[in-house]
Each structure stands twice: as structure tokens, then as C-alpha cells.
Protein chains: 2
Amino acid sequence: MSLDVIDVRILAELQQDGSLSNVELARRVNLSPSPCLVRVKALETQGVIQRYVALADPKALGLGLNVFISISLKQQSKEALADFETRIAEHEEVMECYLMSGDSDYLIRVAVADIGALERFILDQLSPMQGVEKIRSSFALKQVRYKTALPLPAVLPAR
Amino acid sequence: MSLDVIDVRILAELQQDGSLSNVELARRVNLSPSPCLVRVKALETQGVIQRYVALADPKALGLGLNVFISISLKQQSKEALADFETRIAEHEEVMECYLMSGDSDYLIRVAVADIGALERFILDQLSPMQGVEKIRSSFALKQVRYKTALPLPAVLPAR
DNA sequence: ATTGAAAAATCTTCCCC
DNA sequence: GGGGAAGATTTTTCAAT
């Protein structure tokens with residue numbers, strides 16, 4: 001599952017616009033539609049392309065507030081970590097969650113409507129979770145950049 | 001531009017799968033294709049749906065390392081901030097960038113191949129940027145959760 | 001890998017409820 | 001505002017070069 005230059009070009013285009021028709025995509029990567037479609041299907045089957053999604057505007061949905069929350073657990077046993085990871089993912093507000101090095105804790109980003117919603121999330125959802133020791137919130141005043149398109153290497157091993 | 005229950009359902013579906021055909025989408029939200037398409041177009045025109053993208057697998061592209069970098073600037077004047085924001089967004093590795101409260105600095109997430117790539121990014125790109133005072137990196141050992149679908153209110157004002 | 005044509009599915013429009 | 005059907009466009013598939 002190595003990618004050549006054309007695959008990378010296809011990925012770049014689809015990461016920018018997943019609604020491209022195969023005909024238009026083929027035109028942009030200088031291929032005819034048939035082989036282009038074969039490549040796209042291959043990328044999907046291989047899992048390089050995971051899925052297609054619509055991106056919604058947080059502001060339009062009244063979700064203007066992004067908050068980063070650092071969470072420390074009481075213990076860092078494998079079970080305690082796995083348990084936390086399962087339960088944190090159940091909350092819709094949690095857009096991202098990372099196990100971090102250093103303090104051996106988690107960093108999550110939540111998207112909420114306002115401070116009230118944040119307060120409810122922390123007090124009603126997060127604090128009561130067993131194993132959670134320490135919570136520290138940092139507010140994002142502004143989302144300067146948010147993109148889903150991964151950086152693509154200029155060159156990759158030949159196909 | 002207020003959303004009713006059906007709009008929310010449409011958004012929920014398209015945030016999960018942006019490649020849904022209008023026919024299938026209509027079926028899922030219990031609508032016939034015609035009014036469904038009207039609503040989707042309206043959501044797009046209003047900007048509630050910003051765009052459609054393909055999500056690629058970081059691992060498959062050799063981008064397994066997520067690093068959060070806190071950046072403090074020497075000054076926090078409006079010009080200094082605007083300048084930094086413009087230039088930080090020029091780097092493909094920077095997936096997200098937030099102006100944070102508190103220390104009046106920035107938090108960015110970069111996706112890189114390995115520590116070597118991180119080192120190059122920090123030493124060659126970030127450190128040399130004028131106005132940058134302090135850089136602190138935190139490594140993500142594991143991406144526990146990553147989603148692009150925003151949480152949708154169970155109830156919103158009637159349309 | 002490309003071209004071309006056929007088949008399938010889709011989107012769009014119009015009219016009625 | 002929603003539903004149904006018909007037309008037109010587009011996409012997708014499959015053949016051969």
C-alpha cells in the first residue's frame with residue numbers, strides 16, 4: 001500500500017473537497033476517469049481514505065467556545081486508562097482526546113455553546129467520573145486555524 | 001437561519017457521512033428527496049454546512065505523531081498577534097491553532113511523521129519566526145478520539 | 001492507461017396536495 | 001412546506017485499443 005505521486009495528488013484534492021466528481025477529480029490529476037476511479041476505490045479499501053464527511057460551522061450551531069481540558073487520573077494503570085478512554089468518548093462535546101506524555105494525563109478539546117455549558121460538562125460529567133483526579137481548563141479565545149487535511153509528503157516511495 | 005428538528009437530523013447524517021446521496025439521506029430523515037434537497041442546499045448556502053472533505057488516515061500517511069505546542073509571543077499587540085496568525089497558518093503541519101486565554105499565547109497541534117520532523121519544524125520554522133518568545137511541546141502518546149462532527153443540540157428554536 | 005459507449009443512478013424541475 | 005413523477009444530466013461500469 002505505497003502511494004505514488006498521483007495518489008498523493010488525489011488525496012490532496014479529496015481532502016480539500018470530498019464532493020468532487022470522479023470526472024472532475026480525474027481532470028485535476030491529469031488522468032482519465034476510469035483509472036482515477038480505480039485509484040480512489042483502492043485508497044478507500046486500503047483505509048487511506050477513511051471516510052467522507054460534511055464539516056459544519058461551529059458558530060452557526062452556537063458552538064463558539066472551544067476549551068482544552070487537561071485531566072489527570074488518580075492511577076495510571078492500564079485498566080484505569082482504558083476505562084477513562086471508553087467513558088470520555090461517550091460525551092458528544094469531546095471533539096478530541098489525547099493521552100499525553102509527561103504528566104501521564106489526558107488533553108481533550110470540547111466544543112460547547114458557552115461557559116454555562118462548559119460548567120455543566122465539567123461539574124456534571126467530568127468531575128463525577130471515577131478515577132479523575134485533577135482538571136484544568138484553558139479557554140480558546142479564537143480558533144485561528146482548523147483543518148482536517150493532513151500534510152502530504154512531497155515525495156513518497158513509488159507505487 | 002434557525003434550524004428545526006429535521007435540519008438537525010440532516011446535519012447529523014451528513015457530518016457522519018458526507019457522501020450520502022440525497023435519496024438515501026431523505027429516507028433516513030423521513031422526507032422525500034425534493035424537500036430534502038432544498039434543505040441541504042439551504043444549509044450549504046447559509047454556511048451551516050461549510051464543505052465536504054475526505055478524511056485520511058494519519059497512520060497510513062506516516063503521520064503518527066501529534067504534538068501540542070504552546071507558544072508565547074514577545075508582545076501581544078494586535079499587530080503582533082495578527083502577524084503570527086498569518087504566518088503560522090502557512091505551515092502544512094499545523095492542523096489547529098488557537099489563541100488561548102491566560103498566558104495570552106497560542107496552542108497549536110501539529111501532525112508530523114516522527115521526532116525528527118518535529119525537531120525540524122520547531123528549529124527551522126517555529127523558532128526563527130519573529131515575535132516568538134517561548135515554545136513548549138507536549139507529545140500525544142495516543143489519539144484516543146478525533147471527530148469532526150459537532151455536537152448537535154437535541155432541541156433548537158423552531159424554523 | 002485511454003477511449004468510447006452503454007447502463008445505472010442521480011439530481012433537478014414541475015405540478016399537485 | 002411536502003410529495004410524487006418525469007426529464008435531463010451525470011456518473012459509473014465495461015468493453016476494446
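Because the structure is a prediction, the values reported are computed rather than measured.
In A/Ile115, the CD1 atom is not crowded: 12 or fewer heavy atoms of neighbouring residues, nucleotides or ligands sit closer than 6.0 Å.
Distances shown here put a side-chain N or O of B/Arg39 below 4.0 Å from the OP1 or OP2 atom of D/dG2. Taking side-chain N and O atoms only, A/Ser32 has no distance below 4.0 Å to OP1 or OP2 of C/dA1. Put simply, B/Ser34 has no side-chain N or O that comes within less than 4.0 Å of OP1 or OP2 on D/dG2.
Distance alone, capped at 3.5 Å, places no donor-acceptor pair between the B/Lys134 side chain and the B/Ser70 backbone.
The pair A/Glu92-B/Lys147 meets the salt-bridge criterion, since a charged nitrogen lies less than 4.0 angstrom from a carboxylate oxygen. With respect to B/Arg28 and B/Glu24, a salt bridge is recorded, a charged nitrogen being found less than 4.0 Å from a carboxylate O.
No contact: A/Lys41 has no heavy atom under 4.0 Å from any strand. Residue B/Val23 is in sugar-phosphate contact alone, with no base atom involved, counting any heavy-atom pair closer than 4.0 Å across all strands shown.
Rounded to a whole Å, the CD atom of B/Glu44 is 13 Å from the C1' atom of C/dC11.
Distances were taken from every side-chain heavy atom of A/Pro35 (C-beta onward) to each of D/dT11, C/dA1, C/dC11; the shortest belongs to C/dA1.
Where A/Glu24 and B/Ile6 each meet DNA chain D at their nearest nucleotide, the meeting point lying more 5' is that of B/Ile6.
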